[in-house]
Amino acid sequence: MSSKIYVGNLPYSVTDTSLKSNFAEFGGVTSAKVMMDRDTGESKGFGFVEMASPEAAQSAISALNGVSVDGRRIVVSLARPREERAAPGAYSATGYRASNRPDVGYGNGGFGGGRY
């Protein structure tokens, strides 16, 4: 079992240190990070907490999931691994594709090059 926790629906006033202190009462906190918007520098409303042990993570999830913080019910669950995704129109191992649509592309008839 993992010891990394996802915390969602956070109030925008929550900081890394306040997040860490709230989870510290359930065990050792290795790290706590509120995700911030890179353009505005404001909170995105979710973060991640890594606990020292899976048991501490499970007790924090059980105790804090659904708790109201500044009028918002937070969501606390085990963090899922990040999914791999390629940018649209990017080069990947399968080659370059301008679109994932099969009806748009090079060839396939006439002067226009595709079916419209």
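From a predicted model like this one, the values you see are computed outputs, not experimental measurements.
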How many angstroms lie between atom [atom1] of [X] and atom [atom2] of [Y], to the nearest 0.5 angstrom?
{"X": "Met51", "Y": "Gln58", "atom1": "CE", "atom2": "CD", "value": "11.0 Å"}
{"X": "Ser31", "Y": "Lys20", "atom1": "OG", "atom2": "NZ", "value": "8.0 Å"}
{"X": "Phe46", "Y": "Met35", "atom1": "CZ", "atom2": "CE", "value": "5.5 Å"}

Where is the tightest heavy-atom contact between [X] and [Y], given as atom of each residue plus distance?
{"X": "Ser59", "Y": "Phe26", "result": "OG-O, 3.7 Å"}
{"X": "Pro54", "Y": "Ser3", "result": "N-CB, 4.0 Å"}
{"X": "Leu64", "Y": "Asn22", "result": "CD1-O, 4.4 Å"}
{"X": "Leu10", "Y": "Val7", "result": "CD2-CG1, 3.6 Å"}
{"X": "Ala60", "Y": "Ile5", "result": "CB-CD1, 4.2 Å"}

Partner set under side-chain hydrogen bond (donor to acceptor under 3.5 Å, both in side chains) for Arg73, not counting sequence neighbours = none
Ignoring hydrogens and geometry, is there a side-chain-to-backbone donor-acceptor pair from Ser43 to Met36 under 3.5 Å?
-> no
Ser18 side chain to Val14 main-chain N or O, any donor-acceptor pair under 3.5 Å?
-> no
If you group Ile, Leu, Val, Met, Phe, Trp and Tyr by side-chain heavy-atom gaps below 4.5 Å, do Val69 and Val76 land in one group?
->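 Same cluster: Val69 reaches Val76 through Ile, Leu, Val, Met, Phe, Trp or Tyr contacts under 4.5 Å.
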Verdict with supporting geometry, Arg80 and Tyr6, side-chain contact (heavy atoms from CB on, under 4.5 Å) | CA-CA 8 Å; Arg80 295 188 311 239; Tyr6 165 80; over 6 Å; no
Tell me, with the steps shown, if Glu42 and Tyr12 meet side-chain contact (heavy atoms from CB on, under 4.5 Å).
-> CA-CA 7 Å; Glu42 296 176 356; Tyr12 298 113; over 6 Å; no
Non-neighbouring partners of Asn9 that pass side chain to side chain contact (heavy atoms under 4.5 Å, CB included), sequence neighbours left out |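 Here the qualifying residues are Arg72.
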Please determine, by modelled atom types, if Asn65 and Ser77 share a side-chain donor-acceptor pair under 3.5 angstrom.
->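 Ser77 and Asn65 do not have a side-chain donor-acceptor pair below 3.5 Å.
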Under the criterion side chain to side chain contact (heavy atoms under 4.5 Å, CB included), which of Thr30, Leu19, Ile61, Asp16 is the partner of Val49?
-> Leu19
